[in-house]
Structure formats: structure tokens, C-alpha cells
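Convention: sequence-line order gives letters A, B, ...; per-chain numbering from 1. Values reported hereafter were calculated over all heavy atoms of this structure, with side chains retained and with hydrogens, waters and symmetry mates removed. Only a predicted model underlies this, so the values are computations on that prediction, with no experimental measurement involved.
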Number of protein chains: 2
Amino acid sequence: MAETIRDAGFRATKPRLALFSRLTKTSRPMSIQELAQELAGKVDQVTVYRMIDAFKKAGLVREVHLRGVRPKYELTDPRDDHHHIVCTECRKVEDFVGCGAEKMGKEALRQSRSFAAITGHTFDLYGLCKECITK
Amino acid sequence: MAETIRDAGFRATKPRLALFSRLTKTSRPMSIQELAQELAGKVDQVTVYRMIDAFKKAGLVREVHLRGVRPKYELTDPRDDHHHIVCTECRKVEDFVGCGAEKMGKEALRQSRSFAAITGHTFDLYGLCKECITK
DNA sequence: AACTACTTGCAATAAATTTGCAAGTAGTGT
DNA sequence: ACACTACTTGCAAATTTATTGCAAGTAGTT
Ligand SMILES: [Mn+2]
Ligand SMILES: [Mn+2]
Ligand SMILES: [Zn+2]
Ligand SMILES: [Zn+2]
């Protein structure tokens with residue numbers, strides 16, 4: 001843990017460990033505000049901004065954009081690229097893996113007259129969870 | 001044009017016509033700031049915020065989230081769901097159509113233990129345009 | 001032309017994010 | 001263990017972005 005942070009080129013300070021630790025404890029991406037609130041008393045909100053920004057640049061954290069809410073952050077999952085499915089009613093968020101992005105990337109390049117390479121993608125699903133769909 | 005706005009339940013005011021008209025003139029989604037700047041002198045920025053919000057709720061406009069920038073807006077295209085491919089170097093944005101989202105939605109539902117239906121999705125590609133890839 | 005509910009502009013407020021800087025600390029070397 | 005120093009942090013202040021209140025203006029109607 002401190003190891004991971006040092007490997008990324010940072011000092012393993014208490015605020016960084018607190019943030020990193022908090023992020024390992026959830027599968028749900030969290031906003032700056034949520035993180036700052038949870039770390040309140042221990043870490044200043046400005047520091048949360050700065051840490052997230054630095055972690056993002058270092059590739060430790062990735063930014064997730066879901067409809068209608070401020071950006072959220074989660075630890076980068078080195079194994080797979082996973083995506084999110086969001087309940088539009090209760091805002092529940094769940095991960096899912098696998099997406100046809102590679103194939104779609106190729107198809108998009110075929111369609112495009114001005115693009116030459118695909119390096120990344122976003123893909124998120126919106127729907128209703130089993131609880132909300134009954135209402 | 002005024003027709004479309006009235007059909008959505010709004011009065012066809014000059015600011016609304018100006019905004020709508022501007023949006024029809026581009027295929028590139030635009031931010032509040034860009035829109036306000038272009039309409040400067042004619043429409044107040046607060047009004048841009050309010051119009052975009054109302055148009056969004058009415059389904060005339062949709063919000064597009066691309067990495068690292070504030071939300072952008074474009075006219076809803078009722079015919080197809082189109083997506084965006086963004087050059088990470090020069091920020092060029094191009095549309096592309098068709099995406100395996102329906103299929104992926106079904107696969108995601110199969111994977112999920114708590115979701116029951118898919119109602120929407122986002123999908124965007126990032127890459128390099130032909131000009132930027134040479135550098 | 002008069003009426004009225006819907007809209008707009010402008011100022012003020014609130015919320016989100018960034019910046020400056022002195023004080024604090026992790027990692028390094030002694 | 002102690003000192004050294006570059007990297008970090010907290011706190012206040014400044015910016016930027018977004019929302020709200022309200023009097024004045026206007027589209028659509030009678
Ligand atoms: Mn996730
Ligand atoms: Mn588009
Ligand atoms: Zn739900
Ligand atoms: Zn480019």
C-alpha cells in the first residue's frame with residue numbers, strides 16, 4: 001500500500017494512505033466531496049483535490065463520468081477495463097466487465113475519414129435495478 | 001425551428017431561437033461557456049444555463065461528457081444514437097454511429113445480480129487523428 | 001390593444017476548484 | 001538517533017462555475 005504509493009513516485013504520507021485506503025474499501029466510484037467528507041478531520045479538502053489530481057496523472061486513479069453528477073474516482077483496476085451500470089432511479093452503481101470496445105473501435109476507424117488510432121474508450125450503461133423496476 | 005421549440009412546450013423567444021440556431025450550426029458539442037461567449041451581447045449567460053437545462057429536460061438537447069472537460073451539449077438527434085471519437089492530442093471531435101450497446105446491455109444484465117433493465121448508455125472513443133498521429 | 005403567464009437580465013449568492021505560502025514531514029544521509 | 005531538504009499539507013484567499021431572487025420584458029392569447 002505505502003509501497004504502491006512510493007512506486008508511483010510519491011511519499012507515503014498519512015493523507016495519501018488515508019485516501020488510498022478509503023478507495024480500496026469501495027467498488028463504487030466516489031466524488032471529491034464524498035471523499036473529503038469521509039476524510040474530514042484527517043485530510044483537508046484541498047489536499048483531496050491535489051491527491052486525486054496527482055494519482056490520476058500517475059495512473060493510480062481514474063476519473064469516471066456518470067450522467068448528471070460530478071466526476072467520481074476509483075482505483076485503476078490493472079487487470080481489466082471495467083465499466084459501470086447505473087440505476088437511474090436510485091443511483092446504485094455496479095461494475096461490469098467486457099465490452100465490445102475494441103471491435104467498435106475498428107468499426108469507428110473504418111467509418112472515420114480523419115481518425116487513425118483508438119487508444120481508449122468510455123462505456124457506461126443506465127437502467128433500472130431489480131428493486132426500482134417494480135415501482 | 002420556432003415550431004420545434006413550441007412543440008417542446010416553450011415560447012419561441014429570441015434567446016431560445018438564437019441558442020437553438022447556434023446548435024444546429026455545429027456537429028461539435030459545445031460547452032455552456034462556448035455558447036454564452038458566442039451569444040454574448042444577445043443572451044445572458046444565466047439564460048444559457050437555464051435554456052440548456054430546460055432543453056435537456058425536454059429532450060431537445062443532450063449532455064455529452066468527454067474526458068477532462070466540462071459538459072458539452074448538442075441537439076438530440078432523434079434518428080440514431082450517435083457517439084463521439086475524440087483526438088486526445090488536438091481535441092478534435094467526430095461523430096460515429098452504431099455501437100454494440102444493445103448486445104452489451106444484454107450481456108451486462110446476464111452478469112449482473114441486481115439490475116433488471118437497460119434504458120440507455122454512453123460510449124465514446126479516444127484516439128489520435130491522422131494529423132496528430134504523425135507527430 | 002390589453003392581459004397574463006412565461007422569460008429574461010442583472011445583481012447577488014452559493015458551490016466548486018485553484019492558487020499562494022508558511023509550516024510540517026517523509027525519505028535520505030550522517 | 002539527528003539533521004537536512006525537497007516534497008506535502010493545511011489554511012486562507014482568489015477564481016471559476018453554477019444557482020437563485022426578483023423586477024422588467026415579451027410571446028401567445030383574448
Ligand atoms: Mn468501478
Ligand atoms: Mn455529436
Ligand atoms: Zn435502483
Ligand atoms: Zn488530433
Nucleotide N/O to protein N/O under 3.5 Å, stretch nucleotides 14-16 of chain D:
none

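- If you take CZ on B/Phe20 and CD1 on B/Ile5, they are separated by 6.0 Å, rounding to the nearest 0.5 Å.
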Protein heavy-atom contacts under 4.0 Å, written 5' to 3' over nucleotides 19-30 of chain D as B (base), S (sugar-phosphate only) or - (none), form the string BBB----BBS--

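- Counting to the nearest Å, the P atom of D/dT8 and the CG atom of A/Asp53 are 13 Å from each other.
- Going from atom CE of B/Met51 over to atom P of C/dT7 covers 12 Å, rounded to whole Å.
- Each of B/Arg70 and B/Gly9 was matched to the nucleotide of DNA chain C holding its nearest heavy atom; the match closer to the 5' end belongs to B/Gly9.
- Within the 4.5 Å cutoff, no side-chain heavy atoms of B/Cys129 are placed close to those of B/Glu89.
- Note on B/Phe123 and B/Ile118: same hydrophobic cluster, where clusters join Ile, Leu, Val, Met, Phe, Trp and Tyr whose side-chain heavy atoms are under 4.5 Å apart, directly or indirectly.
- The hydrophobic cluster containing B/Met30 also contains B/Leu75, counting ILVMFWY residues as joined when their side-chain heavy atoms lie under 4.5 angstrom apart, directly or transitively.
- A/Glu74 meets the side-chain hydrogen bond (donor to acceptor under 3.5 Å, both in side chains) test with A/Arg62, A/His82, A/His84; sequence neighbours excluded.
- The closest side-chain heavy-atom distance from B/Leu125 to A/Phe115 is not below 4.5 Å.
- If you take CD of B/Gln33 and P of C/dT17, they are 13 Å apart, rounded to a whole angstrom.
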